[in-house]
Protein chains: 2
Amino acid sequence: MKRTPGEISKMTERFEGAIRRAGIKLTPQRIAIYREVARTADHPDIETVFRNVRRKLPSVSLDTVYRTLGLFADLGLVMTVRPLGYRLRFDANTSPHHHFVCTRCGATLDFEYREFDTLRIPAAASALGRVESRHVEFRGLCASCAPGPARSKGKSAKRTNGTRSHRP
Amino acid sequence: MKRTPGEISKMTERFEGAIRRAGIKLTPQRIAIYREVARTADHPDIETVFRNVRRKLPSVSLDTVYRTLGLFADLGLVMTVRPLGYRLRFDANTSPHHHFVCTRCGATLDFEYREFDTLRIPAAASALGRVESRHVEFRGLCASCAPGPARSKGKSAKRTNGTRSHRP
DNA sequence: TTCTTAATTAGTAAATATTCCTATTTATCG
DNA sequence: CGATAAATAGGAATATTTACTAATTAAGAA
């Protein structure tokens, strides 16, 4: 799920422009955190971003990661994704896309859905308020959880539907 | 957003049948929790369910509410909804519907979207796994947050996009 | 009905996740 | 270079969710 160096620098460039336009400081922490999120397309959670950024900047605090990703979300530089019950995740991909969430392992996968993007907003929804963004989430078993591995007890059986196991 | 007594008893009836078919116990706690979630359509969070159920059963524990709603979700009796950053919420409405989430006040409103329900699943998504459920989320400002009230500083300004304010 | 038993719960402790507070550092601009 | 408002680190404080265990109880058998 790695992005190419070319993609990353293009994204970073846009990022720096956005920060400047917003009139806020371009700090090494912000750059490192953005680059970490932009590096791959696999929806890292806060903990992961924190851990990886620390390898470059050993002194960054967890608070800074929360604060910074929240800022990026407000600026529209990253999308927030809720893999339903697991940790809050961020995605540097801000082009219109949607998510497939595996209900077993929690994998969150992007896909495009042009037919949906161009679908009209139903009156039932516009009556509720001004729709500013739209997002589809499919839930199901991902390819690696679905058919073959009838085994796999513990590890891959993380709950990801926002609940936990009702103890037997 | 109240449901009528008629709706509620019909739902409760189905609920009791489902519990029996699942071969698990029909306890007063489970009944009270289900009825509380079925009572309205406004997506209560755990805390709210807990508080209201306690008025009927003063001894229920928070753990029981978590456990029980998780069980219901597994049985398909409630849907889990992530209003993006706020508390996990549950919805007893299991008929196909979608959500409008207010990015200011966190209100989570249902709407139907037949055109989407009948849209074909794109190949890009079915390649990722077997799609078992599909859900649309619109984000924006709800009717009461949108135009008029230019005031309202603190209270109604809860962040609901999974982030928090970057302190100035 | 009473008995038996495995499931369920209450209550509390513990683990996670997120946010707040403040002294210190630093990017930006003149 | 300064000045200064913004941003950060570090740790404390909250909030949320889960785990543990003794006691209770629903459901089925007798």
Side-chain angles (χ1 to χ4, degrees), chain A residues 16 19-34 44-51 53-54 56-75 80 82-90 157-168, chain B residues 16 19-34 44-51 53-54 56-75 80 82-90 106 154 157-168:
Chain A
E16 300 192 351
I19 293 290
R20 291 229 159 77
R21 272 193 302 286
I24 61 180
K25 292 184 181 175
L26 187 60
T27 67
Q29 290 89 342
R30 286 177 177 163
I31 294 170
I33 290 169
Y34 183 79
D45 60 21
I46 296 262
E47 179 68 21
T48 303
V49 173
F50 177 60
R51 210 172 40 245
V53 168
R54 278 220 149 187
K56 295 282 183 181
L57 294 177
S59 71
V60 280
S61 70
L62 187 55
D63 181 70
T64 296
V65 178
Y66 273 102
R67 222 182 332 102
T68 302
L69 287 174
L71 168 66
F72 291 173
D74 286 349
L75 295 177
T80 63
R82 277 281 171 183
L84 299 173
Y86 230 46
R87 303 217 188 90
L88 183 58
R89 289 167 176 243
F90 294 85
K158 282 180 177 177
R159 302 191 78 74
T160 55
N161 63 342
T163 68
R164 65 184 160 133
S165 180
H166 35 289
R167 305 186 283 284
Chain B
E16 300 193 351
I19 292 290
R20 291 227 159 76
R21 274 194 300 287
I24 61 180
K25 292 183 180 176
L26 188 59
T27 67
Q29 290 88 344
R30 285 177 178 162
I31 295 169
I33 290 169
Y34 183 79
D45 61 19
I46 296 260
E47 179 68 21
T48 303
V49 174
F50 176 61
R51 210 172 42 244
V53 167
R54 278 221 149 186
K56 293 283 182 179
L57 294 177
S59 71
V60 280
S61 69
L62 186 56
D63 181 72
T64 296
V65 178
Y66 273 102
R67 224 183 329 104
T68 301
L69 287 173
L71 169 65
F72 292 172
D74 286 349
L75 294 177
T80 62
R82 278 280 170 186
L84 298 173
Y86 232 45
R87 303 217 188 90
L88 182 59
R89 290 166 176 243
F90 293 85
K158 282 180 177 177
R159 299 192 81 71
T160 55
N161 63 343
T163 67
R164 64 182 161 134
S165 181
H166 35 287
R167 303 186 285 283

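Proteins get letters first, then strands, A, B, ... in listed order; numbering begins at 1 in each.
- For the pair B:Ile19 CD1 and C:dA7 P, the computed distance is 15 Å after rounding to whole Å.
- Within the 4.0 Å cut-off from OP1 or OP2 of D:dT17, at least one side-chain nitrogen or oxygen of B:Tyr66 is found.
- Comparing B:Arg54 and B:Gly23 along DNA chain C, the residue whose closest nucleotide (by nearest heavy atom) sits nearer the 5' end is B:Gly23.
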Fill in: From CA spacing to verdict: side-chain contact (heavy atoms from CB on, under 4.5 Å), A:Glu16, A:Ile19
CA-CA 5 Å; A:Glu16 300 192 351; A:Ile19 293 290; 5.7 Å; no

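- Taken to the nearest 0.5 Å, the NZ atom of A:Lys56 stands 12.5 Å off from the CD1 atom of A:Ile31.
- The CG atom of A:Leu75 sits 5.0 Å away from atom CD1 of A:Ile24, with the distance rounded to the nearest 0.5 Å.
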Item to complete: For nucleotides 23-30 of chain C, just jot down a letter per nucleotide in 5' to 3' order: B, S or -, based on protein non-hydrogen atoms under 4.0 Å.
Response: ---BBS--

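- Taking side-chain N and O atoms only, A:Ser61 has no distance below 4.0 Å to OP1 or OP2 of D:dG10.
- Counting only heavy atoms from C-beta outward, the side chains of B:Thr64 and B:Arg67 approach each other to under 4.5 Å.
- Taking atom CD1 of residue A:Ile33 and atom P of nucleotide D:dA9, one finds them 8 Å apart after rounding to whole Å.
- The distance between atom NZ of B:Lys56 and atom C1' of C:dA10, rounded to the nearest whole Å, is 21 Å.
- With rounding to whole Å, A:Arg30 atom CZ is found 11 Å from D:dA6 atom P.
- Note: CG (B:Leu62) to C1' (D:dA19) measures 13 Å, nearest angstrom.
- Here the straight-line distance linking atom OH of A:Tyr66 with atom CD1 of A:Ile46 works out to 5.0 Å at 0.5 Å rounding.
- Proximity of B:Arg67 to the phosphate of C:dT8: no side-chain N or O atom is located under 4.0 Å from OP1 or OP2.
- Here C:dT19 presents its C1' atom at 16 Å from CD of A:Glu47, a figure rounded to the nearest Å.
- To the nearest 0.5 angstrom, B:Thr68 atom OG1 is 8.5 Å from B:Asp63 atom CG.
- Minimum interatomic distance between B:Leu62 and B:Phe50 (heavy atoms only, all atoms of both residues): N-CE1, 3.3 Å.
- Remark: A:Ser59 is in phosphate contact with D:dA9, judged by side-chain N or O atoms under 4.0 Å from OP1 or OP2.
- Between the CG atom of B:Asp63 and the C1' atom of C:dT12 there is a distance of 10 Å, rounded to whole Å.
- Taking atom CG on A:Asp45 and atom P on C:dT16, their separation rounds to 14 Å, with Å as the unit.
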